[in-house]
Protein chains: 2
Amino acid sequence: MRITIKDVAREANVSIATVSRVINRKDKVKEETRLKIMKAIEKLNFIPDYHARTMVQKKTKMIGFMPPELANGYWSELSDVIQDALWKKGYALLVASHNMDEEKINSILDLFQERNVDGIILGPLTSRKNIYLEKSIENLRNRRVALVTLQGNNIPGITSVDVDHLGGAMSAVQYLINSGHEKIAYIGAVSASREREFGYRNALTFNHIPINEEIVILTDYIENFTEFGYEAAGKLVSRKKFTAIFCGNDLIAFGVIKALKEMGVLIPEDVSIVGFDDISSSKIISPMLTTIKQPIKEIGSTVVDVLLDQMSAETGSITKKIVLPTELIIRET
Amino acid sequence: MRITIKDVAREANVSIATVSRVINRKDKVKEETRLKIMKAIEKLNFIPDYHARTMVQKKTKMIGFMPPELANGYWSELSDVIQDALWKKGYALLVASHNMDEEKINSILDLFQERNVDGIILGPLTSRKNIYLEKSIENLRNRRVALVTLQGNNIPGITSVDVDHLGGAMSAVQYLINSGHEKIAYIGAVSASREREFGYRNALTFNHIPINEEIVILTDYIENFTEFGYEAAGKLVSRKKFTAIFCGNDLIAFGVIKALKEMGVLIPEDVSIVGFDDISSSKIISPMLTTIKQPIKEIGSTVVDVLLDQMSAETGSITKKIVLPTELIIRET
DNA sequence: CTGAAAGCGCTAACAG
DNA sequence: CTGTTAGCGCTTTCAG
């Protein structure tokens, strides 16, 4: 059925070892025999069996990627970048989104172990304590699987790549303050990034503006950020005590914008809005969203670099925390 | 280093064959020994090596998915659906987007072959003739790899799952006509779906409205649909001869909306717009986009069903073309 | 019900 | 430069 190295060897009248040599282009092989073998490979349409090779080499050239979801500008854009960067280095990407479902997280990790991925890129995980997860991670580490985490879940001992949420949030709020706002509301999700909330609080405090908890709306992880923003904006308006809103991410901001428009609130005349992430839709919504841009390309390439570094390092490299800068993108809101 | 079936066998004082039996829950094993082995597995944290298993079983439980890109609402939403459906059936997804790059398409297909995926879900491919691709596909078919294509590339002999682009486009244009429009423009990409353009033409013809080629703007595949829509709208306005625009997809429509707004054209008072796809951003843009909805969930589950069917069928099943219906979603534009 | 042994397809010493 | 051979970790007859 399947064409194997044996068939090629027979066809070319050499031993399987020699065939192996030419497909791995390692040891020297006489040009003449190389050509002969190449021809046989061509003729038989031979593609070496990855699994057999893997079994002896112990390298799968496969990286597991576990984002919370794909159907969301931020993660899908990042996936593309990561996939592309990895591809260029000869690695394939096994993608499995977990939707913050604990059971799925565990089973994905099991799958990654079973399939022997060389490395894993973790997205944010549920903050709840998960014994099984901890055990899996320890296992993974014992087996020297490279691990990197995106959007720092601060799992001890794992190198993380993330942006400066705190700083980004502070600059967003500072911008609002510089524009003359004092009553600035915050709408955000705790699970996604607590630091953005802290940045908000810090900036206000730093400017001697008291924090009014009435206009701080938080939620845990939710499926649909946009809907959450829409509803939160509704609540906020009924409290009428703000002239600007800093949103935990762009999707939330989209919901907010929609709600405000429906209620006849003018943006930015009545209320200014700043988001976070700068996903591609931010440019197409109207008014165009002012937001904190995450350097997605750099995040993707950095995470890949870090991962590959870790895999090539003989001895376990030390745990780092890599923080990338954000940038304020001023648009219309 | 790695825990193998041997370690478990030793720990439980049985042969490796028996261990294999319990992890595969096939042959009968005495309950007592089963328990003993389970305990050993637990204790040693044993996870069977997938590659070794695959080598003898010839099934990888892995499906390759090759969309044009991920960073686009349509494909990322679909990926999530497919991944989830497959996951439930015990399959992992190997994702690789090709960005319409011919070389990458070829190399991805090679990778899929080398890694022995059980099935492949193809996205739209370049329309240009690609000998290498044809050969790969033939190879794949010879090796009985299940193949399904999304957004019908009409590769002969491959079952496709797609929506009714023609019908959807016709209903979009018909809706516009019913709303009193006669001068309806079309902006679309040829590669994505020629049928949408045909639907546009058909609907006009069917209603005895002559087609004005001046307000039909086409392009080949482009990286950024939104930008294309933005520019196309600019050209269109200078020609001033339309009261409605049917866009080949939502992203294009977003660009159009942005351009019209900037030029002070009111939507829908001056110009009505209908898109195609109903990606999630369509609801957050303002005004909310009237569009043709693709049933993404159904597309995803259908494609998975078809694929699994094909894999379980002993004899090569016949090539089908599955067409799913679309739905007109009337919103504000 | 359980063990022994023969591969699966390939790589990596080890000889020649 | 090239061939022989011993595994990689697991499943699967075939005996017992």
Side-chain angles (χ1 to χ4, degrees), chain A residues 1-38 40-41 44-62 90 110-111 113-118 139 143-144, chain B residues 1-38 40-41 44-62 110-111 113-118 143-144:
Chain A
M1 195 64 255
R2 194 185 212 290
I3 305 293
T4 79
I5 201 172
K6 264 189 187 162
D7 301 311
V8 178
R10 191 180 321 113
E11 175 77 24
N13 259 308
V14 291
S15 75
I16 60 169
T18 309
V19 177
S20 175
R21 278 181 191 108
V22 354
I23 61 188
N24 291 297
R25 43 175 91 60
K26 294 230 174 188
D27 305 339
K28 299 242 152 299
V29 175
K30 209 205 297 174
E31 185 61 13
E32 190 190 322
T33 43
R34 203 182 68 79
L35 253 36
K36 198 168 57 177
I37 292 172
M38 289 301 274
I41 289 178
L44 299 178
N45 240 308
F46 167 72
I47 294 186
D49 184 302
Y50 159 80
H51 298 96
R53 167 181 286 175
T54 289
M55 211 163 62
V56 14
Q57 288 188 157
K58 302 295 178 222
K59 287 281 165 257
T60 57
K61 288 282 189 178
M62 190 154 65
D110 277 356
L111 181 98
Q113 281 202 62
E114 171 197 291
R115 308 241 165 167
N116 247 311
V117 295
D118 294 336
N139 267 218
R143 285 175 45 192
R144 319 205 139 285
Chain B
M1 194 64 258
R2 195 184 209 291
I3 305 294
T4 79
I5 201 173
K6 263 189 189 162
D7 302 310
V8 177
R10 191 178 322 114
E11 175 77 24
N13 257 309
V14 290
S15 74
I16 60 169
T18 309
V19 176
S20 175
R21 279 181 190 107
V22 354
I23 61 187
N24 290 297
R25 41 173 93 60
K26 293 230 173 183
D27 305 339
K28 298 243 153 298
V29 175
K30 208 205 296 173
E31 184 62 13
E32 192 190 319
T33 43
R34 203 182 68 79
L35 253 37
K36 199 168 55 179
I37 292 171
M38 290 300 275
I41 289 178
L44 299 178
N45 240 307
F46 167 72
I47 294 186
D49 184 299
Y50 160 81
H51 298 96
R53 168 181 285 175
T54 290
M55 210 164 62
V56 15
Q57 286 184 159
K58 303 295 175 223
K59 288 280 166 257
T60 57
K61 288 282 190 179
M62 190 153 66
D110 277 356
L111 181 99
Q113 280 200 64
E114 171 196 291
R115 307 239 165 168
N116 245 310
V117 295
D118 294 336
R143 287 175 44 193
R144 319 208 139 284

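Only a predicted model underlies this, so the values are computations on that prediction, with no experimental measurement involved. Letters A, B, ... are given to chains in the order of the sequence lines, protein chains preceding strands, and every chain is numbered from 1. Below, each value reflects all heavy atoms present in this structure, side chains not excepted, and no hydrogens, waters or symmetry copies.
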Residue [X], side-chain heavy atoms: nucleotide from [options] that is nearest:
X: B:Phe46; options: D:dG3, C:dT11, D:dC10; result: D:dC10
X: A:Val56; options: D:dT4, D:dG7, C:dC8; result: D:dG7
X: B:Arg53; options: C:dC10, D:dC10, C:dT2; result: D:dC10
X: B:Ile16; options: D:dC10, D:dT5, D:dG9; result: D:dC10
X: A:Thr18; options: C:dG9, D:dT2, D:dC1; result: D:dT2
X: B:Thr4; options: D:dG3, D:dG9, D:dG7; result: D:dG9
X: A:Lys30; options: D:dT2, D:dT12, C:dT11; result: D:dT2

Legend entry - Nearest-Å distance for atom pair CD1/C1', residues B:Ile47 and D:dC10: 15 Å

Legend entry - Length of the CZ-P vector between A:Arg21 and C:dT11, whole Å: 11 Å

Inset, instruction - With heavy atoms under 4.0 Å as the rule, sort B:Val14 into base, sugar-phosphate or nothing. - result: sugar-phosphate

Legend entry - Geometric class of the B:His51/A:His51 ring pair [parallel <30°, tilted 30-60°, perpendicular >60°]: tilted

Legend entry - Residues A:Thr60 and A:Asn116: side-chain donor-acceptor under 3.5 angstrom: no

Could you tell me whether the phosphate oxygens of [N], OP1 or OP2, come under 4.0 Å of any side-chain nitrogen or oxygen in [X]?
X: B:Thr33; N: C:dT2; value: yes
X: A:Ser20; N: C:dT11; value: yes
X: A:Lys58; N: D:dG9; value: yes

Legend entry - DNA chain C: 5'-proximal contact among A:Asp49 and B:Asn13 (nearest heavy atom): B:Asn13

Legend entry - Helix axis bend for the helix from C:dC1-D:dG16 to C:dG16-D:dC1 - C1'-based end axes, five pairs, 10° rounding: 40°

